[in-house]
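Beneath this line is the structure, given in structure tokens, with notes to follow.
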Protein chains: 2
Amino acid sequence: MLEAKLAEASVLKKLLDAIKELVTDANFECSEEGITLQAMDNSHVALVAVKLVQNGFKKYRCDRPMPLGVNVGSLTKVLKCAKDDDVCTLRAADEADVLNLVYEAKNSDRISSYDLKLMDIDAETLGIPKTSYEARIVLSSAEFTRIVRDLSLLGDSVRIEVSKEGVRFASDGEAANGNVLLKGQGPIGKVERGPQGDDSDEEDGDAVKKEKKDDGEEGDEEEEEVDKEEEGEKEKDKKKKDKAKVKKEKVNDGDVEMDEEEYQPDEDGEEEKDEDEDEDEDEDGESKKRKKKSNSSPRSAKKAKTASSSKSKKGKSKANDGEEDEDEAVIIQMNSHVSLTFSLKYLVNFSKSSNLVKRVELYMSNDVPLLVSYDFGQGYIRYYLAPKIGDD
Amino acid sequence: MLEAKLAEASVLKKLLDAIKELVTDANFECSEEGITLQAMDNSHVALVAVKLVQNGFKKYRCDRPMPLGVNVGSLTKVLKCAKDDDVCTLRAADEADVLNLVYEAKNSDRISSYDLKLMDIDAETLGIPKTSYEARIVLSSAEFTRIVRDLSLLGDSVRIEVSKEGVRFASDGEAANGNVLLKGQGPIGKVERGPQGDDSDEEDGDAVKKEKKDDGEEGDEEEEEVDKEEEGEKEKDKKKKDKAKVKKEKVNDGDVEMDEEEYQPDEDGEEEKDEDEDEDEDEDGESKKRKKKSNSSPRSAKKAKTASSSKSKKGKSKANDGEEDEDEAVIIQMNSHVSLTFSLKYLVNFSKSSNLVKRVELYMSNDVPLLVSYDFGQGYIRYYLAPKIGDD
DNA sequence: CGAGACACCA
DNA sequence: TGGTGTCTCG
């Protein structure tokens with residue numbers, strides 16, 4: 001028995017709008033912690049992971065874990081029948097073959113009820129790729145949308161390069177080449193943490209296939225071999241980082257809002273700096289400067305809040321003028337130089353989630369899938385996209 | 001000789017936008033009472049009737065009845081050349097082969113003149129179906145649009161069911177079933193009147209063909225036989241109702257603004273309650289309560305106003321807070337349980353008229369065409385749609 | 001201003 | 001039935 005009441009149907013509507021062109025069928029996994037969905041896109045290049053946490057619901061009850069296999073297109077249609085501000089209740093009996101959605105108008109003189117046929121979907125065990133990264137970018141989701149849309153006019157791929165200079169998005173096309181450089185707010189610091197969530201333990205990052213790079217002419221120096229040997233490197237690397245992460249989170253337990261400030265980068269900053277890149281010689285210098293930046297990071301306070309964070313954040317930014325550019329600031333954290341090439345088609349698709357929340361986070365390491373994370377108060381939607389191989 | 005001056009071209013524009021996809025050619029019948037248009041849609045399933053009453057014009061003169069056969073698409077194009085707030089004058093000489101449209105900008109520094117070629121169109125004598133109904137629903141035209149558009153995502157047909165519970169729109173589709181229940185404002189009363197207009201005398205309700213029901217799996221218990229025998233019932237029924245209606249209209253003649261209040265439901269309320277349904281046992285009680293509802297009915301005052309009613313109404317609802325939900329309230333009147341199935345495609349099409357006026361009225365009786373009526377101050381646009389047969 | 005939806009056309 | 005153009009919505 002599942003009964004989940006959302007205060008506003010709009011969240012669900014936006015989520016499904018965001019994934020409907022990526023995924024045709026998917027299981028909504030309901031458990032007492034909330035509802036999650038994980039699915040590969042149809043070409044198995046991208047992976048999408050959605051979570052709606054239990055306490056983001058007005059009311060939530062799920063007696064025992066149950067997968068609800070839905071056709072995403074059908075669910076999207078049914079959700080189109082909800083007004084954005086309708087109260088939306090999802091119900092499914094155990095072993096039910098339909099998911100019942102009830103929409104109640106705010107003034108409650110209209111009650112709509114929809115029964116969506118459920119289907120059995122093979123629960124493909126999807127490995128979520130590694131959870132620690134060499135680079136983390138936080139920027140306005142609207143700006144991210146704009147960048148990938150702009151570049152998609154020129155070419156099919158974008159090379160995302162994180163360096164001390166900032167983060168550069170570059171695309172080469174038939175008619176024109178273009179690139180966008182984001183400078184970042186303050187000095188570049190170390191990557192302070194991976195995405196927050198409960199899927200940190202799943203470790204087989206191979207669910208997202210490597211995509212054959214089909215355009216762009218630069219840097220094919222390593223190819224597959226590096227891919228293999230990096231895999232080994234990453235494995236060790238990840239263990240190290242997980243250890244570091246544990247320490248970090250313990251420190252943060254005392255004061256969640258201080259997580260960025262209290263984090264000690266010196267240890268794992270040195271540890272994590274390992275492979276291919278050799279431009280990190282002066283990173284210690286940057287680490288020192290970074291402390292100043294961290295103190296002014298708007299993200300630190302926002303990120304730790306749960307549930308209604310997006311609302312409260314908005315109110316805050318209205319209230320005090322000093323932070324109204326909070327949505328615009330670009331935060332760049334980097335342990336080592338990262339350069340990856342991705343299909344713009346997917347990134348454009350991912351960026352549809354920008355209507356969910358003002359900020360988006362990008363996590364990258366060389367030769368592993370990019371993570372694009374939209375964390376809204378009541379949960380998150382995350383996309384993983386394998387890089388095109390052969391990028392420099 | 002016809003000369004008809006409209007204060008705002010927008011009315012005509014909207015009217016033609018509303019019918020242009022339903023009708024390709026039609027006669028505008030001009031007489032001293034105004035201009036009417038009646039046409040079957042191209043597949044002869046739906047009938048559309050438009051009236052522009054004489055006193056809704058800024059100036060109106062029509063010496064003798066004349067039909068103006070126009071290609072609706074062409075007229076639409078010509079009307080697109082008018083700005084919404086242009087003063088629009090229609091002119092046609094007797095026996096003319098063109099209709100002249102003149103648009104004068106409000107500041108009158110621009111005068112446009114268009115001559116639309118006329119054509120001879122067989123005046124198919126169109127029977128308007130019966131004018132008294134077992135159920136009457138008045139609701140926000142935007143909400144009606146929304147409901148039929150939502151349900152059209154799921155299936156091809158909608159079952160509209162009026163009961164004491166309210167009015168339910170239900171559609172079954174491949175992927176999902178859905179229904180919308182509107183509760184109605186206040187207790188459910190008797191049907192207090194049919195649509196107001198001058199077409200009450202035309203009685204052959206068969207102009208709108210019965211449409212073969214092609215989907216929906218429930219309730220085929222009766223089929224054709226009932227259809228036949230109901231036809232006889234309706235014939236008697238209609239006579240009774242027409243009598244009642246005459247009486248009613250006489251009452252209303254004295255004070256058109258009071259038509260709902262002054263109407264005495266006891267007589268024809270009893271008379272009209274006749275056939276199939278047996279859930280009217282407590283309707284007398286409801287009739288008494290209904291008076292209270294009627295007094296607060298926003299529709300009564302609004303309906304009778306002419307010309308600029310929609311504008312003034314809007315201003316009013318802004319001005320005094322008590323009536324701002326005037327546009328949202330659902331009024332349900334029912335003599336007996338009604339359940340009919342219609343093609344959503346047509347209803348969606350009809351609902352395009354919602355930009356003409358905030359409220360729409362639905363009139364229904366079992367096994368006869370649905371009437372969807374948009375009454376704006378200067379006239380009306382009404383649609384008749386045959387039910388799919390075999391519905392329960 | 002972009003994108004989805006809808007109608008028209010081929 | 002699919003593609004294209006327009007329109008309205010976000």
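Convention: sequence-line order gives letters A, B, ...; per-chain numbering from 1.
Partners of Ser354(A) by side-chain hydrogen bond (donor to acceptor under 3.5 Å, both in side chains), not counting sequence neighbours, listed by chain and number: Thr145(A).
Applying the 6.0 Å contact sphere to NZ of Lys83(A) captures no more than 12 heavy atoms from other residues, nucleotides or ligands. When the shell of 6.0 Å around CG of Asp84(B) is examined, it contains more than 12 heavy atoms from other residues, nucleotides or ligands.
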Distances for protein N or O near nucleotides 7-9 of chain C N or O, under 3.5 Å:
| residue | atom | partner | partner atom | Å |
| --- | --- | --- | --- | --- |
| dA7(C) | OP1 | Glu21(B) | OE1 | 3.3 |
| dA7(C) | OP1 | Lys352(B) | NZ | 2.8 |

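Rounded to whole angstrom, the span from the CD atom of Glu143(A) across to the C1' atom of dC1(C) amounts to 17 Å. Computed from coordinates, the Arg146(A) CZ to dC1(C) P distance equals 10 Å when rounded to whole Å.
In this structure, Phe350(B) and Tyr383(B) have parallel ring planes: the angle between them is below the 30° cut-off, well short of the 60° mark.
Side-chain nitrogen and oxygen atoms of Arg149(A) include none within less than 4.0 Å of the OP1 or OP2 phosphate oxygen of dC1(C).
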Could you give me the CA-CA distance, side-chain angles and deciding distance for Asp86(A) and Arg110(A), then say whether salt bridge (charged side-chain N to carboxylate O under 4.0 Å, His left out) is met? CA-CA 10 Å; Asp86(A) 281 351; Arg110(A) 174 176 50 80; 3.3 Å; yes

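For the residue pair Lys388(A)/Ser157(A), the side-chain donor-acceptor check at 3.5 Å is satisfied. Side chain to side chain, Asn177(B) and Tyr114(A) fail the donor-acceptor criterion of an N or O pair below 3.5 Å. Defined by atom type and a distance below 3.5 Å, a donor-acceptor pair is missing between the side-chain atoms of Arg359(A) and Ser141(A).
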Reading nucleotides 3-10 of chain D from 5' to 3' and marking B where a protein heavy atom lies under 4.0 Å of the base, S where only the sugar-phosphate is that close, and - otherwise, the string is --------

